[in-house]
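Report on the following structure.
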Amino acid sequence: MKLKPLRTFAFAIAVLSGTAMQAATAQDSFQFGVIGHSFSGTPDDGVLRKALGESDADNLAFVVVNGIKSAAEPCSDTLYSERRDLLKEAENGVIVSLAASDWVSCRNKNGSIAIERLNRVRDLFFPDEFSFGASKVPLFRQSVTPKFRSYTENARWEFGNILFATINLPSANNHFLPDGGRNSEFEDRLIANKDWLQRLFTFATQRKMAGIVLFTDGNPLAQPSQRPFLLRGQRDGFAEARQRITTLAGEFRGKVLLVHGENLKSESNAGILWRRNLGSIGVASGWSKFAVDGGKPNLFTLANETKSAPASQ
């Protein structure tokens, strides 16, 4: 039986509308993975390999990896290249969020080589505008701005109506060094991160996006009292980032989620902690799955318990 032309047209419109609605729903509801810092003191990438394999088997929009090595492992080009090649083999799109152990703790017989190693990591892990993995995620890097051309690790991407971004805030007090005259890296990155955060929130506001997710190593929202080593009078290296994020989140109409790599005792097993529209959560070793659902009040939920965690740390 043939449909009359008018009915055929109406039927086609209905089908297309239904398809569009399904696509919109899929974009409003999706899941992404986060692989927490997966390295103990020994040079073993087994936890990372297992987490990548398990997350590859899931239907994820992308995966963010926090950290590529342990502080005890060498900061060698060989090891960096091995970890990079491992990430390239993933099925999901993989975005790297740098950890302190990737560069802050790097030393040789003459002292710290943190800045030199950071620049080397930038060359090896952020060479272009795409993620690792078979499902390439297009990225916009802060380095496209001439003033901040070295900050390739700070990247943003979109999925559905959500803006995602990495920002280099290492857990070791944001690489603030207490000795006078030695904080050029910290001070320059402070300026870059301030500019990056402003651009992220401006972009999301102009696009009327429903939410922003920030991936960091350290937790800039933690108060100094939650870090015992700061009680000795050390400067809080996260003070400026905390003030900037809380101020910008307070002006943003959507939800803001900070996913970090620090596991503070006061926040253990608490899931996402919300303070008005600003939420934060620390991810443990192994991988965690997050769900985005535009129909839920908090928009973001932890969809599973952390997997692949090692028996001991």
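All residue numbers in this chain count up from 1 along the given sequence.
- Contact record, Ala90 with Leu52: CB-CD2, 4.3 Å, taken as the closest heavy-atom pair.
- Counting heavy atoms from C-beta on, the side chains of Val63 and Ile35 come closer than 4.5 Å.
- One hydrophobic cluster, built from ILVMFWY side chains closer than 4.5 Å, cannot hold both Leu258 and Ile281; they sit in different ones.
- At least one donor-acceptor pair closer than 3.5 Å links the side chain of Glu262 to the backbone N or O of Asn219.
- Side-chain contact, Thr202 with Gln198: a donor N or O sits under 3.5 Å from an acceptor N or O.
- Remark: the backbone N or O of Gly237 is paired with a side-chain donor or acceptor of Asn173 at under 3.5 angstrom.
- Listed for the Asp293 side chain is a donor-acceptor partner under 3.5 Å among the backbone atoms of Gly295.
- We find the CD1-NZ distance between Ile245 and Lys194 to be 13.5 Å, quoted to the nearest 0.5 Å.
- Side-chain heavy atoms closer than 4.5 Å link hydrophobic residues (I, L, V, M, F, W, Y) into clusters, and following such links, possibly through other members, connects Leu86 to Phe126.
- Across all their heavy atoms, Arg156 and Trp196 have their closest contact at N-CZ2, 3.7 Å.
- You'll find the side chain of Val259 stays beyond 4.5 Å of the side chain of Leu214, heavy atoms only.
- Looking at every heavy atom in both residues, Ala241 comes nearest to Pro220 through CB-CB, 4.0 Å.
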Run Val64 and Val213 through side-chain contact (heavy atoms from CB on, under 4.5 Å) and show every step you take.
CA-CA 11 Å; Val64 175; Val213 182; over 6 Å; no

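- Judged by distance alone, with hydrogens and angles left aside, the side-chain atoms of Ser135 form a donor-acceptor pair with the main-chain N or O of Glu91 at under 3.5 Å.
- The shortest side-chain heavy-atom distance between Phe300 and Ile162 falls under the 4.5 Å cut-off.
- Using cut-offs of 30° and 60° for the angle between ring planes, the Phe32 and Phe290 rings count as parallel.
- Looking only at side-chain heavy atoms (C-beta outward), Tyr80 and Cys75 come within less than 4.5 Å of each other.
- Of the inter-residue distances, the one linking Ser112 atom OG with Trp103 atom CH2 reads 9.0 Å to the nearest 0.5 angstrom.
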Side-chain polar contacts of residues 137-145 - donor-acceptor pairs under 3.5 angstrom, sequence neighbours left out - could you list them?
unit_1: Arg141; atom_1: NE; unit_2: Asp128; atom_2: O; d: 2.7
unit_1: Arg141; atom_1: NH1; unit_2: Thr152; atom_2: O; d: 2.8
unit_1: Arg141; atom_1: NH2; unit_2: Asp128; atom_2: O; d: 3.2
unit_1: Gln142; atom_1: OE1; unit_2: Asn154; atom_2: ND2; d: 2.9
unit_1: Gln142; atom_1: NE2; unit_2: Ala192; atom_2: O; d: 2.8

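- Ring geometry for Trp157 against Phe215 counts as parallel: the plane angle stays under 30°, on a 0 to 90° scale with 60° as the upper cut.
- Panel note: side chain Arg122, backbone Ser150; a donor-acceptor pair is recorded below 3.5 Å.
- Salt bridge annotation for Glu240-Arg235: present, with a cationic side-chain nitrogen under 4.0 angstrom from a carboxylate oxygen.
- The side-chain heavy atoms of Leu118 and Asn168, taken from C-beta on, include a pair separated by under 4.5 Å.
- With contacts defined as side-chain heavy-atom distances shorter than 4.5 Å, the pair Trp287/Val65 does not qualify.
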Show, in sequence, the C-alpha distance, side-chain angles and deciding distance for Asn66 and Val96, and conclude whether the side-chain contact (heavy atoms from CB on, under 4.5 Å) test is met.
CA-CA 6 Å; Asn66 175 221; Val96 173; over 6 Å; no

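- For the atom pair Ile68 CD1 and Leu87 CG, the distance stands at 8.0 Å (nearest 0.5 Å).
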As a quick check of understanding, evaluate side-chain contact (heavy atoms from CB on, under 4.5 Å) for Val94 and Phe62, giving each step before the final call.
CA-CA 6 Å; Val94 173; Phe62 57 84; over 6 Å; no

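- Counting all heavy atoms, side chain and backbone alike, Phe238 lies closest to Gly218 at CZ-CA, 4.0 Å.
- One hydrophobic cluster holds both Leu200 and Leu278 under the rule that ILVMFWY side chains link at heavy-atom gaps under 4.5 Å.
- At a threshold of 4.0 Å, the pair Arg83-Glu73 counts as salt-bridged, since one of the basic side-chain nitrogens sits closer than that to a carboxylate oxygen.
- Side-chain contact check for Thr247 and Gln243: at least one donor-acceptor pair (N or O, by modelled atom type) lies under 3.5 Å.
- Partners of Glu82 under the side-chain hydrogen bond (donor to acceptor under 3.5 Å, both in side chains) rule, at least two apart in sequence or in another chain, do not exist in this structure.
- With hydrogens and angles left out, the side-chain atoms of His260 and Ser280 include no donor and acceptor closer than 3.5 Å.
- Linking ILVMFWY residues whenever their side-chain heavy atoms come closer than 4.5 Å, directly or via other members, places Val34 and Ile95 in the same cluster.
- Note that the CG atom of Leu169 and the CZ atom of Arg242 stand 11.5 Å from one another [nearest 0.5 Å].
- Of all heavy-atom pairs spanning Arg84 and Leu124, the tightest one is CD-O, 3.1 Å.
- A donor-acceptor pair is defined here as one N or O able to donate and one able to accept, closer than 3.5 Å; such a pair exists between the side chain of Asp102 and the backbone of Ala99.
- Proximity of a side-chain donor or acceptor of Arg276 to a complementary backbone N or O of Gly250 within less than 3.5 Å is not detected.
- Nearest heavy atom pair, residue Ala71 against residue Ser101, reads N-CB, 3.4 Å.
- Side-chain contact annotation: Asn174 with Arg189, donor-acceptor N/O pair under 3.5 Å present.
- Ser171 and Asp217 share a donor-acceptor pair across their side chains, judged by distance under 3.5 Å alone.
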Audit row: Lys147, Asp195, salt bridge (charged side-chain N to carboxylate O under 4.0 Å, His left out) steps and yes/no:
CA-CA 10 Å; Lys147 184 178 179 180; Asp195 176 84; over 6 Å; no

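- Within 6.0 Å of atom NZ in Lys136, more than 12 heavy atoms from other residues, nucleotides or ligands are found, so the atom counts as buried in its surroundings.
- Considering CE of Met209 and CZ of Phe164, their distance stands at 8.5 Å, rounded to 0.5 Å.
- By the criterion of side-chain heavy atoms lying less than 4.5 angstrom apart, applied directly or through intervening Ile, Leu, Val, Met, Phe, Trp or Tyr residues, Val283 is grouped together with Leu299 in one hydrophobic cluster.
- Under the salt bridge (Lys or Arg N to Asp or Glu O under 4.0 Å) criterion, Asp77 pairs with Arg117, Arg120, not counting sequence neighbours.
- Distance check: Lys289 NZ to Asp58 CG gives 3.5 Å after rounding to the nearest 0.5 Å.
- Cation-pi check for Lys255 over Trp274 is met; the charged atom lies under 6.0 angstrom from the ring centroid and within 45 degrees of its normal.
- Side-chain contact between Ser288 and Leu302 is present, with at least one heavy-atom pair separated by less than 4.5 Å.
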Which is it for Leu177 and Phe186 under the side-chain contact (heavy atoms from CB on, under 4.5 Å) test, yes or no, and what are the steps along the way?
CA-CA 8 Å; Leu177 303 174; Phe186 168 83; over 6 Å; no

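- Side-chain N or O atoms of Asn108 include none that pairs as donor or acceptor with a backbone N or O of Ile113 at under 3.5 Å.
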